[in-house]
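Quick note: residue numbers are just sequence positions, from 1. Just so we're clear, the structure is a prediction, and the values are computed from it rather than from any experiment.
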Amino acid sequence: MSESLKDSASGIRVISRAAEILCTLNEESRGLSLGQIAALVKLPRSTVQRIVGALKIEGFVIDGPGESQIRIGPTFFSIAAASLSDFKDPIRPYLEELCDELDETVDLSILSGSSVVFLDQCSSRRKGLIAVSEVGARFPAHSCAPGKCLLAEVNDSSLSHILPKKLDQLTSATITDLESLQAELNNVRKQGIATDRQEHTEGISAVATVITNLPRGTAAISIPMPTQRFKGNEKRYAEALLAAREKINHALGLNR
């Protein structure tokens with residue numbers, strides 16, 4: 001084999017291995033160690049370390065949250081979010097309208113494995129404390145309002161295949177057992193609304209609903225805010241969110 005063909009084959013092999021590592025990390029929102037990655041992709045640890053090092057430089061992976069943990073980085077999610085522009089663009093005007101109406105941040109997200117990935121956001125221009133998450137950010141679905149309303153679209157028998165065996169506790173309010181989560185999801189199905197009362201982040205609460213029958217599947221619209229503004233106003237935010245959902249359903253012909 002000529003040197004050029006050898007170089008080409010080597011480059012393709014590296015790309016293939018990098019893709020496998022990224023896919024493996026995408027299934028683990030809390031991250032993996034180099035040793036764990038090596039075992040899962042069946043490659044020498046030294047090889048994984050070199051590839052992960054290159055991916056870090058480009059922002060495809062980052063360190064944390066635990067010691068020696070590697071997880072998916074913002075570049076990966078930004079590219080993924082951009083690829084779904086046809087998914088989010090028709091909904092964007094309604095996010096902006098809801099944001100202006102309530103003067104609160106409004107997010108659009110989808111379910112990816114056991115996590116929620118944020119595709120779009122309209123940030124409040126309110127002065128003072130607001131809730132802002134990064135487009136491309138990834139939250140454990142069981143711990144947040146958009147995640148719970150997206151999980152409510154999954155039947156209970158399938159939840160155990162989607163969710164990890166151990167539900168991470170992010171705050172003292174996080175639901176960490178499957179039975180309690182299933183009861184919560186039943187309420188979400190009845191009400192059409194999911195809430196997060198400081199279950200993902202201390203001091204931040206949220207309300208969310210789901211948009212179904214979209215060409216690309218299902219998405220969640222959520223309104224996160226400081227808990228001090230959420231308390232006592234839950235009904236107002238829920239009603240505004242459901243009204244926005246009806247507008248979207250009507251405009252996009254999703255009422256079927």
Side-chain angles (χ1 to χ4, degrees), residues 6-84 109-119 133-144 146-148 150-151 153-171 174-179 181-182 199-200 216-218 220:
K6 286 181 181 178
D7 290 344
S8 176
S10 177
I12 291 170
R13 187 162 58 250
V14 170
I15 292 171
S16 176
R17 288 172 172 176
E20 189 175 4
I21 289 170
L22 288 172
C23 288
T24 300
L25 287 171
N26 191 42
E27 296 298 316
E28 295 289 341
S29 61
R30 300 296 291 175
L32 296 166
S33 68
L34 287 172
Q36 288 171 322
I37 298 170
L40 289 168
V41 300
K42 297 180 173 58
L43 288 172
R45 190 180 186 281
S46 58
T47 300
V48 170
Q49 188 170 16
R50 287 196 302 272
I51 295 173
V52 166
L55 292 171
K56 276 186 187 180
I57 292 171
E58 302 300 329
F60 282 97
V61 300
I62 56 176
D63 290 317
E67 186 178 353
S68 301
Q69 294 289 98
I70 308 297
R71 61 189 175 96
I72 290 290
T75 300
F76 179 94
F77 289 125
S78 294
I79 291 172
S83 72
L84 293 169
S109 56
I110 59 171
L111 190 66
S112 175
S114 62
S115 301
V116 163
V117 178
F118 291 90
L119 299 183
S133 55
E134 184 181 359
V135 171
R138 185 182 180 95
F139 288 2
H142 71 279
S143 70
C144 60
K148 286 193 281 186
L150 288 165
L151 288 174
E153 294 298 304
V154 180
N155 61 56
D156 284 344
S157 61
S158 299
L159 279 178
S160 59
H161 299 292
I162 294 175
L163 295 170
K165 292 181 179 178
K166 183 179 183 299
L167 299 178
D168 291 333
Q169 183 161 10
L170 282 74
T171 73
T174 308
I175 297 173
T176 57
D177 68 276
L178 187 57
E179 186 175 342
L181 180 61
Q182 286 175 326
E199 293 164 49
H200 181 271
R216 289 282 198 116
T218 301

Problem - Non-hydrogen side-chain atoms of Leu25 and Arg71 separated by less than 4.5 Å - result: no
Plane angle bin for Phe139 and Phe118 - parallel if under 30°, tilted between 30 and 60°, otherwise perpendicular
perpendicular
Value for CD1 (Ile37) from NZ (Lys42), rounded to nearest 0.5 Å, stands at 14.0 Å
**Asked** Can you tell me if Glu58 uses its side chain to pair, donor with acceptor, with the backbone of Phe60 under 3.5 Å?
**Response** no
Residues at least two apart in sequence or cross-chain that pass side chain to side chain contact (heavy atoms under 4.5 Å, CB included) with Ala220, listed by chain then number, are Ser109, Pro146, Cys149, Leu150
Rounded to the nearest 0.5 Å, the CG atom of Leu55 sits from the CG atom of Leu22 at a distance of 5.0 Å
Output for pair (Glu199 CD, Ser143 OG), nearest 0.5 Å, gives 8.0 Å
Sorted by chain and residue number, the side chain to side chain contact (heavy atoms under 4.5 Å, CB included) partners of Arg17 (sequence neighbours excluded) come out as Arg13, Leu43, Thr47, Ile51
Taking Ile12's backbone N and O only, do any of them form a donor-acceptor pair with Ser16's side chain (distance below 3.5 Å, no angle check)?
no
Taken to the nearest 0.5 Å, the spacing of Leu163 CG from Leu181 CG works out to 6.0 Å
Note: His200 and Cys144 closest approach over all heavy atoms is CB-CB, 4.5 Å
Heavy-atom closest pair (Gly31 atom, Gln69 atom, distance to 0.1 Å) is O-NE2, 3.0 Å
>> Quick one, Thr218 with Leu111, criterion side chain to side chain contact (heavy atoms under 4.5 Å, CB included). Give me CA distance, side-chain angles, the key distance, then yes/no.
In response: CA-CA 8 Å; Thr218 301; Leu111 190 66; over 6 Å; no
* Asked: Would a distance-only check, ignoring hydrogens and angles, find a side-chain to backbone donor-acceptor pair under 3.5 Å from His142 to Asp168?
  -> yes
Lys56 with Asp63: basic N within carboxylate O range, under 4.0 Å: yes
Nearest heavy-atom contact between Leu167 and Pro164 is CD2-O, 4.0 Å
Distance col, row Gln36:CD vs Thr24:OG1, nearest 0.5 angstrom, shows 11.5 Å
Nearest heavy-atom contact between Leu170 and Thr174 is N-OG1, 3.2 Å
Rounded to the nearest 0.5 Å, the CD1 atom of Ile162 sits from the OG atom of Ser115 at a distance of 11.5 Å
